[in-house]
Amino acid sequence: MKSRISEKFKTLFGKEGEFFASAGRINLIGEHTDYNGGYVFPGAIDKGMMAEILLNGTNKVCAYALDLDEYVEFGLEEEDAPAQSWARYIFGVCREVIKRGGKIGGFNTVFAGDVPLGAGMSSSAALESTFAFALNYLFNLGIDKFELARIGQSTEHNYCGVKCGIMDQFASVFGKKGNLMRLDCKTMEYKYYPFNPEGYRLVLLDSVVKHELASSAYNKRRESCERAAAAIRKNHPEVEFLRDARMEWLDEVKDVISEEDYKRAEYVIGEVQRVLDVCDALERADYETVGKKMYETHDGMSRLYEVSCEELDFLNDIAKECGVTGSRVMGGGFGGCTINLVKNELYDKFIETAKAAFKEKFGHEPKVYDVVISDGARKLE
Ligand code: GLA
């Protein structure tokens, strides 16, 4: 990828720049908990984005997306985001840096990536954190890593219409080879967990479906949670986020909130606890419990949070039938991948069965990605 980028960069701009990269992410457990102040448990992966960048001494950004063969220019003072969605991420990052007082100038860039798009592995966070990290480095801005993640998150909020939490950008910026990270999204405390489950593998099965309106459905889930938290807060003022609530407290407001909001909150309160249970289980190397919790998450995401779909439920069922230790829909949902914790000896049979059964039902095979936990945002030498 590096040599392809570098070749194009030379052709377009006649010079050489510096290389930066960042990563997509997986999440072992803790889904839709981040914007509820709860815990998440992600890690960066070996699929990401890479960009060559050279300052151009103007006020203009000239960006080329190698995978799409598209070129966009925008001025740093422009208010209107470019039409191309990929360019909005770069534009958004620049604008968010400027909003925070960062003095930046124009640059030329060529970038490419290998995070599958729409698969729920956060290609957008990888792109945002590549550029946030690079601008911080190239203009010596002294922005700390959490703020770099927030710059990516604000880009999603303000330029891409997704009111996402902090998980993806956090994972992409803080990712460390061989480690998952448990982040408390309320206090922003985090801890690295070396993850090397002996006898098991983590594998993603990508349904290759991406449902329309995923971002508006996502934002609606968030609003449901906020309404439920506000109702509980009337009785229990200490409840800032759903993460602070107990199931009994949710029950007290059952008749006040809609059935839908109740189900959403029920899922979230359960999921926050499941992350803690998984952490405990991991400390004992108890992968059976980890897997059981993953299935519970899938069930909750499907029945209560309603962010699964036919294809993902099907993949989850196959995993169960094959005796896979844990399986669930990963990320925001509405398409994308399942993440599966599989015993080594079951791996081949599971993949083979899942491919054949899925193809028979949906006409195409799922894609298979082995998870390699890797470093997040960085400068390449
Ligand atoms: C998307 C969002 C994250 C998080 C997940 C669900 O990936 O960007 O902030 O909410 O969905 O866990």
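Read the numbers this way: they start at 1 and go in the same order the structure lists the ligands and their atoms. What you see is a predicted model, and the numbers here were worked out from it, not measured in a lab.
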- Does NZ or CZ of Lys355 fall inside the cone over Phe358's six-membered ring, less than 6.0 Å from its centre and within 45° of the axis?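 Judged by the rule, Lys355 and Phe358 form no cation-pi pair.
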
- Task: May I ask you to check if Arg182 and Tyr39 form a cation-pi contact, with NZ or CZ under 6.0 angstrom from the six-membered ring centre and within 45° of the axis?
- Result: yes

- Classify the angle between the aromatic ring planes of Tyr287 and Tyr200 as parallel (below 30°), tilted (30 to 60°) or perpendicular (above 60°). tilted

- Query: If you measure from the Lys or Arg side-chain nitrogens to the Asp or Glu carboxylate oxygens, is any gap between Lys293 and Glu296 under 4.0 Å?
  - Reply: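 A salt bridge links Lys293 with Glu296.
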
- Query: Could Glu52 and Lys8 be called an ion pair, given the rule that one side-chain N must be under 4.0 Å from one carboxylate O?
  - Reply: no

- Can you list the residues that meet the side chain to side chain donor-acceptor pair (under 3.5 Å) rule with Lys177, with sequence neighbours excluded?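 If we apply the side chain to side chain donor-acceptor pair (under 3.5 Å) test to Lys177, skipping adjacent residues, there are no hits.
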
- Message: Tell me which residues fall inside the under-4.0 Å heavy-atom shell around ligand 1.
- Response: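 Under the 4.0 Å cut-off, ligand 1 touches Arg25, Glu31, His32, Asp34, Tyr35, Cys164, Gly165, Met167, Asp168, Tyr218, Gly331, Gly332.
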
